[in-house]
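In what follows, every chain begins at residue 1, and chains take the letters A, B, ... in the order their sequences are listed. Only heavy atoms go into these numbers, but all of them, side chains included; no hydrogens, no water, no symmetry mates.
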Amino acid sequence: MSVFAIVDCNNFYVSCERVFYPELERKPVVVLSNNDGCVVARSNEAKALGIRLGSPVFKIADIIESGGVYVYSSNYALYGDMSHRVMKLLAEFTPDMEVYSIDEAFLDLSCFSHYDLNGYGIRIKDRIRRCVGLPVAIGIAETKTLAKIACRLAKKSEKAGGVLDLTGSPYQEMALSMTDVEDVWGVGRRYTKFLRRNGITNARQLRDTDENMLREKYGVLGSRLVQELKGVACYTVESCPSSKKGITVSRSFRYPLETLGDLEEAVVGYVSIGAEKLRKEGLCAEILVVFLMTNRFSKIDPLYYNLETVRLPVATSDTSELISYARKGLKNIYRSGYRYKKAGVMFNGMVSEDWVQRDLFDTRDRKSAVRLMSTLDSINRTIGKDSVQYATAGLGNTQKWKTVRKRKSRSYTTNWEHLLEVS
DNA sequence: TCTGGGGTCCTAGGACCC
DNA sequence: TCTGGGGTCCTAGGACCC
């Protein structure tokens, strides 16, 4: 029998902040997106105050004030490192796991099916709490979709204490009945509407739906959904993630940018970030996309959105080369007179750096470019991020495109200067 | 005034191949 | 007059996930 567990960190970003500032326990806490724009994580206390995920901060200013809500900018260095620690611990508990997102992992527990799975789950939960300081919830069942449902209930129920094992359990019927159809993994807003219109409101009804009806509406995903709810595993634990199919780097600006020069600095900055990611993955991109847009929420400013796709003569991860194509692309789509709110670059058509198709008439010295990039990367890795950067990305505080994070906590685990002192 | 960022998979249709 | 069968690749759009 196959057994899947999903381990999900509770209110992950908020919990990471709490580890290093325990006074935040039992207090309403939120973490914000880039430029301190929207709420991306909430503590249970903040949820109880009615703060919705994705709310723009300015719209909930009064709740923050009256509720005494602690507000943090996102600290990706901290969250990334904490995530890494959690995953490392989880790997001790199973021969096969899949890191599903920054705060979730699927574990294959099939070989433990004759054990006390609930007890095993509790051991996992306790170990993460003790070694990393983070609270997690764990759901265990015959399929990934059922495990997700178990995990959701484990989080909600006092009695479950954070771990719920539904394998072969008589409670499975009840668990499915208690789960609204929109809370099923793979059912989004669109399908919720369709399902509810057809009288399907909970997971149990969805499981007992005519599979063909769903298949027609929803394609193969529909049949898989029903099968998974019935306990027939359609998805496995993907322990070796296939290499990336694309890399996107884009940010909203704190204030609208208007000149080509300012936008160029932003695009150069994004290309630098993206190209570094490419090299880290050992990939080269064949296709580069540059895009820009004005504020889609504005009722006054005219809207403009455009993108340019560039097919590169030879797949590359060389920042200099990518910058020159990106700047050309940007010039083509830039129109003066607009107030731009966001720009970005995308790399597609990925190939491994060892399998790049060369061009007979290529005149570029690619060997030295590779050496230059690896030197650049190693300097930035050892001395610190952006120690060496392209001047066309702008310098220091003149960089208008850099995101603002006014309420960021310290990088406790990734920067020696920020190490906690105990006295 | 202020509204995030980064992904995946599936499908349908068109162009093209033998 | 009759016009097969089996593919691939690419693109755009939709839906979903965290």
Side-chain angles (χ1 to χ4, degrees), chain A residues 6-13 30-41 51-62 64 71-76 79-80 83 98-106 144-145 148 151-152 181-195 214-225 234-235 238 241-256 270 273-274 277 281 286-287 289 291 293-301 307 309 311 339 341-350 401 403-407:
Chain A
I6 175 92
V7 180
D8 189 329
C9 301
N10 303 344
N11 313 328
F12 182 58
Y13 292 177
V30 296
V31 174
L32 306 179
S33 63
N34 272 339
N35 287 322
D36 298 339
C38 298
V39 173
V40 292
I51 296 175
R52 301 251 299 274
L53 194 65
S55 314
V57 170
F58 71 90
K59 281 191 179 168
I60 54 162
D62 47 334
I64 290 175
V71 179
Y72 284 86
S73 304
S74 34
N75 183 345
Y76 298 116
Y79 311 149
S83 169
E98 170 185 348
V99 177
Y100 180 63
S101 75
I102 192 162
D103 71 329
E104 279 174 77
F106 283 106
K144 282 183 163 181
T145 308
K148 276 278 202 178
C151 186
R152 215 180 134 270
V181 75
E182 55 264 46
D183 294 325
V184 175
W185 190 47
V187 178
R189 274 214 308 270
R190 207 59 195 259
Y191 293 115
T192 300
K193 233 171 134 185
F194 168 78
L195 292 169
L214 220 61
R215 195 182 173 129
E216 225 166 80
K217 179 77 189 168
Y218 204 164
V220 288
L221 295 172
S223 346
R224 283 186 202 153
L225 197 50
C234 301
Y235 303 105
E238 307 277 342
S242 51
S243 76
K244 282 190 185 301
K245 299 187 172 64
I247 288 173
T248 306
V249 183
S250 77
R251 306 271 188 278
S252 295
F253 310 128
R254 188 81 181 91
Y255 301 106
Y270 302 154
I273 296 168
K277 273 192 202 171
E281 303 269 334
E286 212 162 40
I287 293 163
V289 181
F291 65 89
M293 60 180 83
T294 55
N295 188 350
R296 66 198 161 98
F297 296 105
S298 175
K299 295 191 177 80
I300 316 150
D301 293 336
L307 60 81
T309 307
R311 183 173 284 273
R339 288 155 54 80
K341 190 67 173 104
K342 185 175 181 177
V345 295
M346 288 153 76
F347 298 136
N348 287 311
M350 310 295 237
W401 55 276
T403 53
V404 179
R405 285 181 300 195
K406 283 196 182 137
R407 329 186 68 150

**Q** Are Val57(A) and Asp36(A) packed together at the side-chain level, in the sense that at least one heavy-atom pair is separated by less than 4.5 angstrom?
**A** no
**Q** In whole Å, measure the gap between the P atoms of dT3(B) and dC18(C) for me.
**A** 25 Å
**Q** Can you work out whether Arg215(A) or Tyr76(A) has the more 5'-proximal nearest nucleotide on DNA chain B?
**A** Tyr76(A)
**Q** Would you mind classifying the nucleic acid contact of Tyr255(A) as base, sugar-phosphate or nothing, using non-hydrogen atoms under 4.0 angstrom?
**A** nothing
**Q** Report which part of the nucleic acid Val404(A) touches: base, sugar-phosphate, or nothing (heavy-atom distance under 4.0 Å, all strands).
**A** nothing
**Q** Separation of Lys144(A) atom NZ from dC9(B) atom P, in whole Å?
**A** 11 Å
**Q** Using the side-chain heavy atoms of Cys38(A), tell me which of these nucleotides is nearest: dC18(C), dC16(C), dT3(B).
**A** dT3(B)
**Q** Side-chain contact, heavy-atom cut-off 4.5 Å: Tyr235(A) with Glu98(A)?
**A** no
**Q** Scan Asp103(A) against the nucleic acid and name what it touches under 4.0 Å (heavy atoms): base, sugar-phosphate only, or nothing.
**A** sugar-phosphate
**Q** For Lys148(A), is there an ion pair with Glu104(A) - N to carboxylate O distance below 4.0 angstrom?
**A** yes
**Q** Would you kindly give the CZ-to-P distance between Phe297(A) and dT1(B), to the nearest whole Å?
**A** 15 Å
**Q** Please tell me which of the listed nucleotides, dC16(C), dT3(B), dG5(B), lies nearest to the side chain of Arg190(A)?
**A** dC16(C)
**Q** Figure out the CZ/P separation between Arg189(A) and dC16(C), and round it to whole Å.
**A** 8 Å
**Q** So if I take every side-chain heavy atom of Tyr191(A) and compare against dG6(B), dC2(B), dC16(C), which nucleotide ends up nearest?
**A** dC16(C)
**Q** Check the distance between dG13(C)'s C1' and Leu221(A)'s CG and give it to me in whole angstrom.
**A** 15 Å
**Q** From dC10(B), dC18(C), dT3(B), pick the nucleotide closest to the side chain of Glu104(A)?
**A** dC18(C)
**Q** Taking the side chain as every heavy atom from C-beta outward, state whether Met350(A) and Ile247(A) have any pair of such atoms under 4.5 Å apart.
**A** yes
**Q** Any base atoms under 4.0 Å from Lys148(A), or only sugar-phosphate, or nothing? Heavy atoms, all strands.
**A** sugar-phosphate
**Q** Between dG7(B), dG5(B), dC10(B), which one does the side chain of Ile247(A) approach most closely?
**A** dG7(B)
**Q** Looking at every heavy atom in both Arg339(A) and Pro256(A), which two are closest together, and how far apart are they?
**A** NH2-CG, 3.4 Å
**Q** Is the shortest side-chain heavy-atom distance between Lys341(A) and Thr294(A) below 4.5 Å?
**A** no
**Q** When the distance from CG of Leu225(A) to C1' of dC17(C) is rounded to whole Å, what number comes out?
**A** 13 Å
**Q** Could you state the CZ-P distance from Phe12(A) to dC18(C), rounded to the nearest angstrom?
**A** 15 Å
**Q** Would you indicate, yes or no, if dG5(B) has its OP1 or OP2 atom less than 4.0 angstrom from a side-chain nitrogen or oxygen of Ser33(A)?
**A** no
**Q** From OH of Tyr270(A) over to C1' of dG4(B), roughly how many Å is that when rounded to an integer?
**A** 12 Å
**Q** To the nearest angstrom, how far is Arg254(A) atom CZ from dG5(B) atom P?
**A** 12 Å
**Q** With the side chain of Ser252(A) defined as its heavy atoms from C-beta on, choose the nearest nucleotide among dC18(C), dG4(B), dG7(B).
**A** dG4(B)
**Q** Tell me whether the OP1 or OP2 atom of dC10(B) has a side-chain N or O from Arg224(A) closer than 4.0 Å.
**A** yes
**Q** Closer than 4.0 Å, any side-chain N/O of Lys341(A) to the OP1 or OP2 of dT3(B)?
**A** yes
**Q** For a quick test of reading the model, state the closest non-hydrogen atom pair linking Tyr79(A) to Phe12(A) and the distance between them.
**A** O-CZ, 3.5 Å
**Q** Has Arg296(A) got a side-chain N or O lying under 4.0 Å from the OP1 or OP2 atom of dG4(B)?
**A** yes
**Q** Which nucleotide in the set dG5(B), dC10(B), dC17(C) lies at the smallest distance from any side-chain heavy atom of Arg251(A)?
**A** dG5(B)
**Q** Would you indicate which nucleotide in dC18(C), dG4(B), dG7(B) comes nearest to any side-chain atom of Ser101(A)?
**A** dC18(C)
**Q** Does Ser250(A) have a side-chain nitrogen or oxygen under 4.0 Å from the phosphate oxygens OP1 or OP2 of dG4(B)?
**A** no
